[in-house]
Amino acid sequence: MPGGATANRPMRALQVSLGDRSYPIVVGAGALERRDLLEPIVAGRSVAIVSNTTVAPLYAGRLRAMLGGAAQVVDVVLPDGEAHKHWQTLNGIFDALLAARFDRNSVLVALGGGVVGDMAGFAAAVYQRGVDFVQVPTTLLAQVDSSVGGKTGINHPLGKNMIGAFHQPRLVLADVACLQSLPQRELIAGLAEVIKHGAIADRAYFDAVADDLPALLAKDTAALERAVARSCEIKADVVAHDEREAGLRAILNFGHTFGHAIEAGMGYGEWLHGEAVGAGMVMATDLSQRLGLLDAADGARIRALVSAAGLPVAAPRWSAERYVELMSVDKKAERGTPKFVLLEALGRACVRRAPDDALRATLAAAATG
Ligand code: NAD
Ligand code: GLY
């Protein structure tokens with residue numbers, strides 16, 4: 001667990017540029033203790049630290065100590081896990097806010113992984129028609145991806161993240177020292193999104209991640225800071241150009257059409273989101289090659305890095321019909337026909353429909369692993 005001294009380490013500051021809704025992302029060991037950045041947001045206001053049963057005991061006390069200027073601080077502790085990312089849990093947040101008489105000037109602080117961040121963000125988006133919120137992501141996945149960009153929401157039994165809203169945070173504090181307590185399986189799941197960012201947008205970053213992989217797996221602070229900062233930079237740039245996913249932002253879903261199908265089909269929480277994205281990226285890479293977009297050497301490098309990271313490269317053995325059915329509720333689908341984020345080259349993505357024969361060949365190949 002990080003100590004107070006880490007707050008003096010140099011940190012990387014980035015910006016998500018969205019006009020008057022722009023906000024900083026601070027990356028570094030000790031970012032959780034940036035009272036100077038939290039104070040102007042929380043001063044004199046009611047603040048809820050929304051966390052879960054695993055993360056709250058580890059970090060809520062230290063975060064609370066940074067919120068001395070708030071009028072009141074309430075802890076909202078959610079059950080842990082993707083399986084709880086639904087209406088009933090969300091309603092528990094509203095119950096706590098209403099019981100504590102939170103008004104429209106209140107602030108939510110999401111302390112946890114992507115599940116907490118997505119739910120607290122959605123609660124902030126709709127509570128009394130919208131209140132401010134801050135993201136304090138504590139998993140690698142949340143630090144490199146879900147805490148940035150303002151996508152918030154919950155799952156529906158028929159589809160992943162199907163109910164939600166765009167609502168940007170006021171601040172993101174990504175403290176890589178928190179990752180020291182993260183289980184290795186969760187760290188590896190986060191690497192899926194790191195690999196994704198290199199694959200879709202920056203070949204040099206993909207190479208750097210491959211070089212840094214042993215250090216990342218060993219939770220080396222400098223390597224983690226490099227990855228979190230570069231991934232946030234890539235995501236911030238995409239979001240600044242296309243906040244509402246009218247076009248470009250869809251590339252951030254590389255591997256997700258297949259991945260969401262795996263998550264929904266297995267039952268939420270069986271495969272970690274990042275694991276499903278890992279196998280999904282291998283499937284999207286295969287499809288890119290079948291369509292003649294990506295050459296075999298680049299395809300092999302993606303599969304090799306996903307595998308070296310310890311992510312699954314083989315998908316569940318389901319029929320093509322089952323996959324197609326599961327993918328028909330994907331948010332990129334139009335009238336039930338899915339679109340896929342594919343690669344034209346390592347570092348360059350595009351969005352396409354896939355001919356049925358190529359898609360079925362990919363599904364058959366993936367299921368035999
Ligand atoms: P998660 O939130 O379930 O966290 C993983 C596990 O790690 C949980 O058990 C959590 O309690 C625990 N944990 C968190 N921080 C810890 C720490 N520092 N030490 C010890 N344990 C810790 O999973 P996740 O991978 O962070 O997020 C996945 C979710 O993010 C999915 O629901 C996915 O849909 C969502 N997501 C959203 C976006 C977006 O743009 N909003 C992007 C990608 C993923
Ligand atoms: N994770 C996809 C997005 O933020 O758009």
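Counting convention: from 1, in listed order, for ligands and their atoms alike.
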Worksheet item: Does a side chain donor of either Glu186 or Thr139 reach within less than 3.5 Å of an acceptor in the other side chain?
Response: no

Discussion item. Enumerate the side-chain hydrogen bond (donor to acceptor under 3.5 Å, both in side chains) contacts for residues 113-124, please, sequence neighbours excluded, ordered by first and then second residue.
Written reply: Lys85-Asp118

List below, pair by pair, the N or O atoms of ligand 1 and of the protein that are less than 3.5 Å apart, including the distance to 0.1 Å; reply 'none' if no pair qualifies.
| residue | atom | partner | partner atom | Å |
| --- | --- | --- | --- | --- |
| ligand 1 | 2 (O) | Gly114 | N | 3.1 |
| ligand 1 | 2 (O) | Val115 | N | 3.0 |
| ligand 1 | 9 (O) | Asp80 | OD1 | 3.0 |
| ligand 1 | 9 (O) | Asp80 | OD2 | 2.8 |
| ligand 1 | 11 (O) | Asn52 | ND2 | 2.9 |
| ligand 1 | 11 (O) | Asp80 | OD1 | 3.1 |
| ligand 1 | 11 (O) | Asp80 | OD2 | 2.9 |
| ligand 1 | 15 (N) | Thr138 | O | 3.2 |
| ligand 1 | 15 (N) | Thr138 | OG1 | 2.7 |
| ligand 1 | 18 (N) | Thr138 | O | 3.0 |
| ligand 1 | 18 (N) | Cys178 | O | 3.0 |
| ligand 1 | 18 (N) | Ser181 | OG | 3.4 |
| ligand 1 | 19 (N) | Ser181 | O | 3.3 |
| ligand 1 | 19 (N) | Ser181 | OG | 2.8 |
| ligand 1 | 26 (O) | Gly114 | N | 2.8 |
| ligand 1 | 26 (O) | Thr139 | OG1 | 2.6 |
| ligand 1 | 27 (O) | Gly114 | N | 3.2 |
| ligand 1 | 32 (O) | Glu82 | OE1 | 2.6 |
| ligand 1 | 32 (O) | Glu82 | OE2 | 3.2 |
| ligand 1 | 32 (O) | Lys85 | NZ | 2.7 |
| ligand 1 | 32 (O) | Lys160 | NZ | 3.1 |
| ligand 1 | 34 (O) | Lys85 | NZ | 3.2 |
| ligand 1 | 34 (O) | Lys160 | NZ | 2.8 |
| ligand 1 | 34 (O) | Asn161 | ND2 | 3.1 |
| ligand 1 | 40 (O) | Lys235 | NZ | 3.3 |
| ligand 1 | 41 (N) | Asp118 | OD1 | 3.0 |
| ligand 1 | 41 (N) | Lys151 | O | 2.9 |

Enumerate the pairs of nitrogen or oxygen atoms, one from ligand 2 and one from the protein, separated by less than 3.5 angstrom; state names and distance to 0.1 Å.
| residue | atom | partner | partner atom | Å |
| --- | --- | --- | --- | --- |
| ligand 2 | 4 (O) | Lys235 | NZ | 2.6 |
| ligand 2 | 4 (O) | Arg249 | NH2 | 2.8 |
| ligand 2 | 5 (O) | Lys151 | NZ | 2.8 |
| ligand 2 | 5 (O) | Arg249 | NE | 2.7 |
| ligand 2 | 5 (O) | Arg249 | NH2 | 3.3 |

Worksheet item: Any side-chain donor paired with an acceptor under 3.5 Å for Tyr23 and Gln168?
Response: yes

Practice prompt. Would you mind listing every ring-ring contact (aromatic ring centres under 6.0 Å, His included) that reaches into residues 93-147, with sequence neighbours excluded?
Written response: Phe133-His167

Worksheet item: Can you tell me if His273 and Glu263 form a side-chain donor-acceptor pair at under 3.5 Å?
Response: yes

Practice prompt. Return yes when atom CD of Glu243 has more than 12 non-hydrogen atoms of other residues, nucleotides or ligands closer than 6.0 Å, and no otherwise.
Written response: yes

Worksheet entry | Side-chain H-bond candidate by donor/acceptor type, Asp80 with Thr53, under 3.5 Å | no

Discussion item. I need the single residue from Val116, Thr138, Val115 that forms a side chain to side chain contact (heavy atoms under 4.5 Å, CB included) with Asn52. Which is it?
Written reply: Val116

Discussion item. Do Asp103 and Gln128 pair up side chain to side chain, a donor and an acceptor below 3.5 Å, judged on atom types alone?
Written reply: no

